[in-house]
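The model shown is predicted, which means the values in this text are computed figures rather than measured ones.
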2 protein chains.
Amino acid sequence: MGTFAFAEIAQALVEEIQAGKYPPGSSLPSERELSERFRVSPGTVRMALRELVADGTVDGSRGRPKRVVRIPRRQAPFDEFRSFAQWARRQGHEPGGDVVRAEWRIADAQDELMLGVQRGRRVFRVQRVRTLDGEKVMLEHTHYPEWLGEIVETIDDDAPSVTALLADEHNIHFTHAEHAFGAERARAADADLLGITRSSALLVHRRVSRDSTGRALEWSSDRYIAGKIMLSVGNSWHSNPLQWITPEAFGGE
Amino acid sequence: MGTFAFAEIAQALVEEIQAGKYPPGSSLPSERELSERFRVSPGTVRMALRELVADGTVDGSRGRPKRVVRIPRRQAPFDEFRSFAQWARRQGHEPGGDVVRAEWRIADAQDELMLGVQRGRRVFRVQRVRTLDGEKVMLEHTHYPEWLGEIVETIDDDAPSVTALLADEHNIHFTHAEHAFGAERARAADADLLGITRSSALLVHRRVSRDSTGRALEWSSDRYIAGKIMLSVGNSWHSNPLQWITPEAFGGE
DNA sequence: TAGTGGTCTAGACCACTCC
DNA sequence: GAGTGGTCTAGACCACTAA
């Protein structure tokens, strides 16, 4: 694959900002200066700067030098957000968990909305309790369409990463997802599984994952024990991935 | 200001996708074809396509035509997410609310972390109950640094939009924000203010807003009644604004 | 008015996919 | 091997900012 000039320049600038060479509030050198310094054409520098603008590290507008807004944090790769196990390990925690139930069900209205599966067809549902360093953290319900459920069904419950296995052995790649976050009061059954008192607060995370053709691969509803974990997002004038929605608009009940 | 060629092309493609001309799973025409059709150079078409890739409408990788992943939703402007009133009106709801309290406080550790204000200095805090069509929905605590608090203090409680007023009359513009979302159980005082039963679940939204120089303008902690509202986000292999964090990392307690 | 970034052009070469 | 998008070049012009 090899690494590209614009990516190296972006990385170099990020490191210089982190090192304090350009503190928040200060301006970056002009594109001309940077293109001389890195010995590339101005267009290549622009590509690098566009990355910094997109992730909110830097602010740009016409006629004004680019200004540093904040110290850039490391950008997590897509998989690290999608996969609980990968995220946990990267944080230095030991992920674990048990499959509580795995079963075929008849697709209902929610499955139809989230997966685009016809009602009445089969859907494979896996229910897991997830742990972090041995402590219960989250209750996960994942739903697969029939064709994928038949593959998932054959995978060992203890497989380190379902995602990696699907990619390597079946050429199935998760590349896009849509998420909705809310809160709810723990129901009796959930509270028992998580070992918390009833009516505790839970952070709810619903998600549809797709491959690069837009085909829905799974939908999932995860419930985190309140206070263990939060979701972090940035946005800016130039890019705003965030929206408020009503629960009904996203597989609500 | 005028609108630009690449933006018009992006818009035209979005509309064609929405109209079903390129359904999810199908491929877009090649960049060469598009550049002939729109009578612009290939580079301009690329700029348009880059937008669609960035917001997850379309998937691209080397050597393969761009493929439609999903029907693009309208992208909300930054202000619409930051400002409750603007969001509500756009949804066709009538926003309302009362200031419960507005007072000067001594900056504590949380103010220091979120605003970069020295502990012991003054911070202005405004507490509001927000309503949607007359129904209580959210409890909002906003904290301003001293210099900005002195301006906000003079603003009428009933001003339609604090944001707009700060922009127009004081040249203060919100351009960036960082957010964290979690859940918590309603405390007695909050439950009383919102008119819900104690121990109801709340969706917690903490936020730091900045201007284009990276200066923190406010931090806020909002609590939504569970079930009224959810947060929606998209991510993809190419852009992932999402991270899980521990509550301590974002003004936690 | 000088300097900046934003847009746009018209090419080139390369990595990759698919046939 | 033909076709594709991704990267990169070396310019041009314009809108905007700040002095």
Q: Verify whether one side chain among A/Asp222 and A/Ser220 offers a donor that lies under 3.5 Å from an acceptor in the other.
A: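 Result is yes, a qualifying pair exists.
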Rounded to the nearest Å, what distance is computed from the [atom1] atom of residue [X] to the [atom2] atom of nucleotide [N]?
X: B/Leu34; N: D/dG3; atom1: CG; atom2: C1'; value: 15 Å
X: B/Asp59; N: C/dC16; atom1: CG; atom2: P; value: 16 Å
X: B/Glu33; N: D/dA2; atom1: CD; atom2: P; value: 18 Å
X: A/Glu31; N: D/dC13; atom1: CD; atom2: P; value: 18 Å
X: B/Leu13; N: D/dG5; atom1: CG; atom2: P; value: 12 Å
X: A/Leu49; N: C/dG5; atom1: CG; atom2: C1'; value: 10 Å
X: A/Arg50; N: D/dT7; atom1: CZ; atom2: C1'; value: 12 Å

Q | Pairwise distance CG(B/Asn240) to CD(B/Gln243) - rounded to 0.5 angstrom | A |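 Output value for this atom pair is 7.0 Å.
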Q. Quick one: salt bridge (charged side-chain N to carboxylate O under 4.0 Å, His left out) pairs with a partner in residues 68-80 of chain B, sequence neighbours left out?
A.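 For residues 68-80 of chain B: A/Glu178-B/Arg70, B/Arg74-B/Glu80, B/Glu80-B/Arg90.
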Q: Keeping to residues at least two apart or across chains, list the side-chain hydrogen bond (donor to acceptor under 3.5 Å, both in side chains) pairs with something in residues 160-169 of chain B.
A: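 For residues 160-169 of chain B: B/Arg82-B/Thr163.
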Quick one: which protein N/O atoms are closer than 3.5 Å to N/O atoms of nucleotides 8-10 of chain C? Pair and distance per line, please.
residue	atom	partner	partner atom	Å
C/dC8	OP1	B/Ala5	N	2.7
C/dC8	OP2	B/Phe6	N	3.2
C/dT9	OP2	B/Ser41	N	2.7
C/dT9	OP2	B/Ser41	OG	3.2
C/dT9	OP2	B/Thr44	OG1	2.3

Q) Looking only at atom types and distance, does a side-chain atom of A/Asp111 sit under 3.5 Å from a main-chain N or O of A/Met114, one as donor and one as acceptor? A)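 Between the backbone of A/Met114 and the side chain of A/Asp111 there is no qualifying donor-acceptor contact (under 3.5 Å).
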Side-chain contact test, heavy atoms from C-beta onward, threshold under 4.5 Å: evaluate it for [X] versus [Y] and give yes or no.
X: A/Trp244; Y: B/His205; value: yes
X: A/Val14; Y: A/Gln18; value: yes
X: A/Phe84; Y: A/Arg128; value: no
X: A/Phe181; Y: B/Val233; value: yes

Q: Using side chain to side chain contact (heavy atoms under 4.5 Å, CB included) as the criterion, list what pairs up with A/Gln91, not counting sequence neighbours.
A: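 Testing A/Gln91 for side chain to side chain contact (heavy atoms under 4.5 Å, CB included), a comparison that skips the adjacent residues, returns A/Trp87, A/His93.
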Q: Tell me which residues in residues 16-27 of chain B put a heavy atom below 4.0 Å from DNA chain C, sorted by number, or none.
A: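 Output list: empty, so none.
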Using the 3.5 Å cut-off, write out each protein N or O paired with an N or O of nucleotides 17-19 of chain C and the distance between them.
residue	atom	partner	partner atom	Å
C/dT17	O4'	B/Gly63	O	3.3

Q. Is the number of heavy atoms from other residues, nucleotides or ligands within 6.0 Å of CD (B/Glu153) greater than 12?
A.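 More than 12 within 6.0 Å, yes.
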Q. Counting only distance, no hydrogens or angles, is the base of C/dG5 paired donor-acceptor with the side chain of A/Arg32 under 3.5 Å?
A.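 Answer is yes: a donor-acceptor pair is held.
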